[in-house]
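Computed from a predicted model, the values in this text were never measured in an experiment.
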Amino acid sequence: MSTRIAFLKGHGTENDFVIVPDPENALDLSPAAVAALCDRRAGIGADGLLHVVRSEAHPEGRAMADEAEWFMDYRNGDGSIAEMCGNGVRVFARYLQRAGHVAEGDLAVATRGGVKAVHIAKDGDVTVGMGKALLPEGDVTVSVGERSWPARNVNMGNPHAVAFVDDLAHAGDLLAPPPVSPASAYPDGVNVEFVVDRGPRHVALRVHERGAGETRSCGTGACAVAVATARRDGVDPSVTGTPATYTVDVPGGTLVITERPDGGIEMTGPAVIVAEGEIEAEWLENALR
């Protein structure tokens, strides 16, 4: 390990990330190392970590190298691996722009959830093609204390349970994962969104992210919420032939989600780099003892 390791800190609607550039995949970022870096008191602090690797240098990205030069090796704040992170893709793209690897306009980013089409706009917002939502069959229930709600099962490359509530306070403190039943619906855990209406095609959410706890924003969660809300409202672009756009307020800001008639979902929002520096390798080694 080198004496120092370069890093940056960024966020998308306050869903924050440690960014570790490592084009040739030379760093051994173990789950324990990621968790230490994301620790908000003893480390840098973040909801997750964006490991920036060239696709051809990463075993999980190599098959996508012809489509996307860069692979987003995303890790949750507890060190576990996640399939996708919508806010993370926007911040990942912003880093690539800042580093001079890409310019404004279109690019492709490889993720464990597939290759994502990204557009960096002149106004600073970043749009990500999030793919299509899957809506698995079967009843799902979310509980907090003595309250429980039916939830919509939505998969955006990662699993979500979307519950519509009267008050976001009903979600409780979200320190622990809200119970979801049946457990067999989500064998690898689930992201849980609590949703209230704000106006026509306008909702707000709180979210407990699998492996991270409550976060200020969740991009895939906002997409899942938009789709679940559209279906609740009787809106299905594949039937109407007209795109459906929902504004989704998250604790850290606002995202705009559009579902197209072909099922493709686009998410637009800000992405900000706030700092850069170097990690002391000695600190990291001591943190892992």
Check whether any side-chain heavy atom of [X] lies under 4.5 Å from a side-chain heavy atom of [Y], and answer yes or no.
| X | Y | result |
| --- | --- | --- |
| S181 | S143 | no |
| M84 | M130 | yes |
| P237 | D262 | no |

Do [X] and [Y] share a hydrophobic cluster (ILVMFWY, side-chain heavy atoms under 4.5 Å, transitive)?
| X | Y | answer |
| --- | --- | --- |
| I44 | V52 | no |
| L255 | L205 | yes |
| V250 | V225 | yes |
| I120 | F17 | yes |
| M156 | V203 | yes |

Judged by atom type as modelled, is there a donor-acceptor pair below 3.5 Å linking the side chain of [X] to the main-chain atoms of [Y]?
| X | Y | answer |
| --- | --- | --- |
| R90 | G269 | yes |
| K9 | G45 | yes |
| R232 | F164 | no |
| R4 | E280 | no |
| R94 | A271 | yes |

Practice item. Answer yes if the side chains of H58 and N25 hold a donor-acceptor pair under 3.5 Å, and no otherwise. Key: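 No donor-acceptor contact under 3.5 Å links the two side chains.
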Review point. With no hydrogens and no angle check, do the side chains of T215 and E209 hold a donor and an acceptor under 3.5 Å apart?
Key: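 A donor-acceptor contact under 3.5 Å links the two side chains.
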Practice item. Report the C-alpha separation of H51 and D22 in whole Å, then their side-chain angles, then the decisive distance to 0.1 Å, and conclude whether the side-chain contact (heavy atoms from CB on, under 4.5 Å) test is met. Key: CA-CA 7 Å; H51 184 205; D22 182 23; 2.8 Å; yes
[atom1]/[X] to [atom2]/[Y] distance, rounded to the nearest 0.5 angstrom?
| X | Y | atom1 | atom2 | result |
| --- | --- | --- | --- | --- |
| C38 | D78 | SG | CG | 9.0 Å |
| S217 | H11 | OG | NE2 | 10.5 Å |
| D47 | C218 | CG | SG | 9.5 Å |

Under a single-linkage rule joining Ile, Leu, Val, Met, Phe, Trp and Tyr whose side-chain heavy atoms are separated by less than 4.5 Å, which residues share a cluster with [X]?
| X | value |
| --- | --- |
| V144 | V140, V142, W149, V165, L168, L174, V180, Y186, V190, V192, F194, V196 |
| V274 | V272 |
| M64 | F71, V115 |

Does the pair [X]/[Y] count as a salt bridge with the N-to-O cut at 4.0 Å?
| X | Y | answer |
| --- | --- | --- |
| R75 | D73 | yes |
| R41 | D39 | no |
| E83 | R210 | yes |
| D16 | R40 | yes |
| R206 | D173 | no |
| K132 | E259 | no |

Review point. Only one of N155, N87, N158 forms a side-chain hydrogen bond (donor to acceptor under 3.5 Å, both in side chains) with T220, so which one is it?
Key: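 Going through N155, N87, N158 one by one, the side-chain hydrogen bond (donor to acceptor under 3.5 Å, both in side chains) with T220 is satisfied by N158 alone.
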Point to revise | Identified side-chain hydrogen bond (donor to acceptor under 3.5 Å, both in side chains) partner of T268 from the options T254, T127, D125 | key: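 For T268, the side-chain hydrogen bond (donor to acceptor under 3.5 Å, both in side chains) check succeeds only for T127.
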Point to revise | Residues which pass side chain to side chain contact (heavy atoms under 4.5 Å, CB included) with T245, listed by chain and number, not counting sequence neighbours | key: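 Here the qualifying residues are V256, T258.
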Exercise for review: Just jot down the side chain to side chain contact (heavy atoms under 4.5 Å, CB included) partners of P182, sequence neighbours excluded, or say none.
Suggested key: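 P182: side chain to side chain contact (heavy atoms under 4.5 Å, CB included) contacts with S184, A185.
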Practice item. Output, in order, the C-alpha distance, side-chain angles, deciding distance and verdict of side-chain hydrogen bond (donor to acceptor under 3.5 Å, both in side chains) for S238 and D236. Key: CA-CA 5 Å; S238 69; D236 185 344; 2.7 Å; yes
Review point. So D249 and H202, side-chain contact (heavy atoms from CB on, under 4.5 Å) or not? Walk me through it.
Key: CA-CA 8 Å; D249 294 338; H202 186 180; 2.8 Å; yes
Practice item. Check salt bridge (charged side-chain N to carboxylate O under 4.0 Å, His left out) between E282 and all other residues, then give those that pass, not counting sequence neighbours. Key: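 Applying salt bridge (charged side-chain N to carboxylate O under 4.0 Å, His left out) to E282 gives none.
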Check your understanding: If you look at every heavy atom in S55 and A110, which pair is closest and at what distance?
Key ->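 Looks like OG-CB, 3.7 Å.
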